[in-house]
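The structure appears right after this line, and notes come after that.
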Amino acid sequence: MCLEPTKKTVILTMAETEQQSGSTPEDEAHEVTDSVTFMVPKKEISMVPDMGKWKRSQAYADYMGFVLTLNEGVKGKKLTSEYKVSETVEKLLDLLGTLDRWINETPPVDQPSRFGNKAYRTWFSKLDQEAEALVAAMLPADRCAAAPEIAVYLKESVGNATRIDYGTGHEAAFAAFLCCLCKVGALRSDDQLAIVFMVFNRYLEVMRKLQKTYRMEPAGSQGVWGLDDFQFLPFIWGSSQFVDHPTLEPRHFIVERVVNDHHQDFMFLECIKFINEMKTGPFAEHSNQLWNISAVASWSKVNQGLIRMYKAECMEKFPVIQHFKFGSLLSIQPGKP
């Protein structure tokens, strides 16, 4: 529960961007007084040449460090593994449950257009009004002042209310939201498995429900090059889960029986199951990139390739990053060498 905010804040050093070490952001947390103030994040990337600022920024190093730390943390582990569930994780699940309930309370409206149901805007307006209070409820007592900053990433993570679309940029905003909660100490190093297996997995469920209920358009869909119309991160973390698996190889994920038998243990297969439910026709045609990945020799190679692809096709693409917002926790300032 938030108390009267103080001027304290936290600066953290994330895992090295290019290293998949087992260290976590919180390991090197240290408190700073008066030197950093929270701020409402804003866009900083307005032209293609600005992309250089992004790739040199502390935000890029922190964000990719966070993704890679979690990638290392889930390696070889099943969704059904045992892990600690902290109070903050419980609160995050409650928050996502609230978003889910609002979908039930906001049915689609009759309209001529098949896609982009306008009831989504009504649903989104509830989040817009409540986001700061929802975030404040899970912050440490002396980090209340961070709520307006962190709430922006939560609001950005559920799609765009004008276009009624959703894509990998919105997914990245949710990962940024979780990263910020780590930076202020609400989530800790021993929450790693719960962050991916409980919180992010629940987020995926709610986003799939949003996409289906309001017939949301894919944001910036690249057609068949994309892994999926909407998500990318669960394929990275999901492939890491399979590393060194004794029997399941990349060629197996296109086998329907394997998907049905093992999807509850593996995030990657849960994604394939959703694609199979939503798309018709030969898998090689509607999901060509995934079909190609099924021919890769090992899961570790799949995982490494997906990380490279994520950087190239999402993190280094102007149409995605132009919408990313920067504040004190994810800063546009150049990263420390």
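Position 1 is the first residue of the sequence, and the numbers go up from there.
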Main chain of [Y], side chain of [X]: is a donor-acceptor contact present, judged purely on distance under 3.5 Å?
X      : Y      : value
Tyr214 : Pro107 : no
Ser157 : Leu154 : yes
His323 : Val320 : no
Trp299 : Leu248 : yes
Arg56  : Pro334 : no

Ring geometry between [Y] and [X] (parallel below 30°, tilted from 30 to 60°, perpendicular above 60°):
X      : Y      : result
His245 : Phe266 : perpendicular
Phe235 : Phe268 : perpendicular
Trp54  : Phe324 : tilted
His286 : Phe283 : perpendicular
Phe200 : Phe174 : tilted

Heavy-atom count check: over 12 atoms from other residues, nucleotides or ligands less than 6.0 Å from [X] [atom1]?
X      : atom1 : answer
Glu277 : CD    : yes
Trp102 : CH2   : yes
Asp244 : CG    : no
Gln264 : CD    : no

Do Leu329 and Phe38 come close enough that some side-chain heavy atom pair is under 4.5 Å? yes

Considering non-hydrogen atoms only, spot the tightest contact between Ala147 and Glu132 and give its length.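 Smallest interatomic distance, heavy atoms only, reads CB-O, 4.0 Å.
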
